[in-house]
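What follows is a set of notes on a single structure, which appears directly below.
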Amino acid sequence: MAVELVTSRGVISDLAGQRALNHARDLAESPQIDVLSITDNPAGNAMLAADTLGTELRSIGQEVIIHLACKDGNRNSLESRGWKLASEGFDNILALTGDYPKPGYGGMARPSFDIDSVGLLSMYSEMNRGLRDGKGRRMKPTNFFLGAVVTNHKRYERELVPQYLKLRRKIETGARFVINQAGYDVRKDDELLRWLALSGLKVPVIANVFVLSLGAARAFHAGRVPGVVVTDELVALAERYASSADRGRSFFLELAAKQVAIARGLGFRGAYLGGKLDLADCEQILARAEEFGPDGWKTIAGDVQFACPDEFYYFARDKATGLSSSEVSGVLVASRTSAARRRARLRTPINYRTSRLAHSTVFAPTAPLFDVVRRFYSAVESAPVSARKVLHLVEHVSKVPLYNCKDCGDCSLPEIAYLCPESQCAKNQRNGPCGGSHDGLCEVAERECIWARAYERLKPYGEETSMLDAPVVFNDNALRGTSAWANTFLGRDHIAHPVAGQEDVQ
Ligand code: SF4
């Protein structure tokens, strides 16, 4: 059993810090709680660093998981943080992309998102093998036990399947345990385990059970916490029970106990309790979950299935249990036939089709014109600067209206179905979607998530399930403001230089 801890704002000796510490110490005394999991600036707010509370807990022998998000620091600061964590004996790291930052001291913080959760897993996996120093020698390896999150409670196919694909990428990049994002539909949780089994991915998964309150239910329902969904039906129940004398507390704890019992029955390795909980709440949830007995979860599985009317499921419903079967959904199978794909192709945007054509003719390393253009760019390298500037201008003038290009110089258009992550993804995600989308929309801006759009563009060509198969992308910031075309043809971009070491992960 894991319990999530949120640190306070201010120093640990302050009142709020002491309260958080005492709460954590209380939990640490329970033999039923194996690990305490400490968040990193949750919901984008600045909080006390997880390691400070973690150090206190480790000093009394408590196992902890440190959450590490990529929103507030670039790759160098995350590497440095890795050395610090490893030096202080923290091994369990939960790698996250992180929520978009909230306003901080003096105004809105500038988000980093220099790398993402996949990049962080890649870098820390490499640290586990021993990063190479300036002379190419391996440094002392770290011993991180890396974890990842999957947001599996997604409404639409174009959101859900990319989340699964990104999970596969995270596991292949070094995640050795998984915690799913909180949700209130156990059919989706059942489905997650079945999808992992179908994909041949063997990794322990811990079920996230966020214990609701009326305030939390309202916030999730309003979409104020990225990636967590509370449906109309569930928020209505929360409102009804919250009008009782205990403000719905017994209802919320009972719901959580059912989730824990069902998760155990489904085969999750453990449960992960979150929310405003004291030790007595945790013990009550665990005791009540026990009361359902080894098979009782089957009779209550229908009590935790809060889904939208048009919710997409990867697998067909099992009529006997109301949960997931292992049979891929008929709707999905029908949409993957050659005829369906051919029809869908006609609906793809014309600029997407022309971009594909241009890529396969000129820009892909195997394209028939690639070598000709490469030789041309090689020749231009030794031409006067003005010639290179003219070429760069031609590129810019054509890419701005087509893709809203921001001139990053290290282009990811071919990997995201010709959608620019710099201009159209608030977190500049290049290795798959973050978990924050809501009904297909970006958590930050009122527009469709580029990864959901990419999925829909690729599906008519039968390429949607391989959309995240390429090596992990680390974009090279040294190329900003330079010609991405020149960098492609002259082998300077991330496609020509996948990060070393990825090939021997796992
Ligand atoms: S070069 Fe960079 S900014 Fe321009 S379209 Fe490609 S990814 Fe976007």
Side-chain angles (χ1 to χ4, degrees), residues 1-4 27 30 32-37 65 92 94 147-154 160 163-164 167 171 175-198 201-212 216-217 220 227-231 234 251-275 277 281-307 311 313-315 317-318 320-326 435:
M1 168 66 56
V3 177
E4 183 172 277
L27 294 172
S30 169
Q32 290 176 287
I33 297 170
D34 305 299
V35 60
L36 295 173
S37 191
I65 299 172
N92 306 316
L94 187 68
V149 173
V150 57
T151 309
N152 61 312
H153 293 95
K154 290 291 183 195
L160 179 67
Q163 287 296 329
Y164 286 158
L167 174 60
I171 294 168
R176 291 167 64 195
F177 69 96
V178 172
I179 301 172
N180 69 333
Q181 178 57 285
Y184 302 90
D185 179 4
V186 293
R187 183 176 160 193
K188 274 266 159 72
D189 295 333
D190 188 11
E191 180 173 289
L192 170 62
L193 297 188
R194 288 174 190 273
W195 184 87
L196 285 166
L198 180 72
L201 297 167
K202 292 191 184 78
V203 63
V205 187
I206 302 168
N208 194 335
V209 176
F210 190 95
V211 184
L212 289 174
F220 295 156
V228 188
V229 176
V230 159
T231 59
L234 181 53
F251 166 71
F252 296 130
L253 295 181
E254 177 75 4
L255 183 69
K258 287 178 177 173
Q259 287 182 274
V260 171
I262 297 165
R264 282 179 180 159
L266 290 175
F268 281 83
R269 187 63 66 89
Y272 178 97
L273 293 180
L277 297 170
D281 294 329
C282 295
E283 287 176 341
Q284 186 178 330
I285 291 167
L286 296 181
R288 180 67 184 124
E290 284 294 320
E291 284 173 20
F292 290 111
D295 287 325
W297 66 274
K298 292 177 187 162
T299 60
I300 55 170
D303 297 352
V304 195
Q305 291 190 30
F306 298 96
E311 189 94 21
Y313 293 93
Y314 196 91
F315 296 110
R317 184 167 180 268
D318 182 314
T321 63
L323 292 164
S324 183
S325 70
S326 295

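This structure is a prediction, so every number in the text was calculated from the model and none was measured.
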Do [Y] and [X] meet the salt-bridge criterion of a basic N to acidic O distance under 4.0 Å?
| X | Y | value |
| --- | --- | --- |
| D295 | K298 | yes |
| R317 | E191 | no |
| R187 | E311 | no |
| E291 | R288 | yes |

Once rounded to the nearest 0.5 Å, what's the spacing between atom [atom1] of [X] and atom [atom2] of [Y]?
| X | Y | atom1 | atom2 | result |
| --- | --- | --- | --- | --- |
| Q284 | E254 | CD | CD | 9.0 Å |
| T321 | L266 | OG1 | CG | 9.0 Å |
| L286 | Q32 | CG | CD | 5.0 Å |
| M1 | L273 | CE | CG | 4.5 Å |
| I285 | E290 | CD1 | CD | 13.0 Å |
| F268 | I262 | CZ | CD1 | 10.5 Å |

Stepwise side chain to side chain contact (heavy atoms under 4.5 Å, CB included) test for L212 and F220: CA-CA 9 Å; L212 289 174; F220 295 156; 3.7 Å; yes
Closest contact, heavy atoms only, [X] versus [Y]:
| X | Y | answer |
| --- | --- | --- |
| A263 | A207 | CB-CB, 3.5 Å |
| V260 | A289 | CG1-CB, 3.8 Å |
| Q163 | G435 | NE2-CA, 3.7 Å |
| A182 | V228 | O-CG1, 3.9 Å |
| A261 | I300 | CB-CD1, 4.3 Å |
| V149 | Q181 | CG1-N, 4.2 Å |

Could you tell me whether R194 sits above the aromatic face of Y314, with NZ or CZ closer than 6.0 angstrom to the six-membered ring centre and within 45 degrees of the axis? no
Check: [Y] and [X] side chains under 4.5 Å, non-hydrogen atoms:
| X | Y | value |
| --- | --- | --- |
| D185 | F306 | no |
| L36 | E4 | no |
| I206 | V178 | no |
| V211 | D281 | no |
| F177 | I179 | yes |
| L196 | L167 | yes |

Taking atom types as modelled and ignoring hydrogens, do the side chains of H153 and N180 form a donor-acceptor contact shorter than 3.5 angstrom? no
Take Y164 and N152, measure what side chain to side chain contact (heavy atoms under 4.5 Å, CB included) needs, and give me the verdict at the end. CA-CA 7 Å; Y164 286 158; N152 61 312; 4.3 Å; yes
Quick check: are there more than 12 heavy atoms from other residues, nucleotides or ligands sitting under 6.0 Å from CZ of R269? no
Should L27 and C282 be marked as a side chain to side chain contact (heavy atoms under 4.5 Å, CB included) after you check the CA-CA gap, both sets of side-chain angles, and the distance that decides it? CA-CA 9 Å; L27 294 172; C282 295; 4.0 Å; yes
Looking at the rings of Y184 and F210, which for Trp means the six-membered one, are their centres under 6.0 Å apart? no
Do W297 and F292 have ring centres separated by under 6.0 Å? no
Ignoring hydrogens and angles, tell me if any N or O in the side chain of K188 forms a donor-acceptor pair with the backbone of K154 under 3.5 Å. yes
Run Y313 and D190 through side chain to side chain donor-acceptor pair (under 3.5 Å) and show every step you take. CA-CA 11 Å; Y313 293 93; D190 188 11; over 6 Å; no
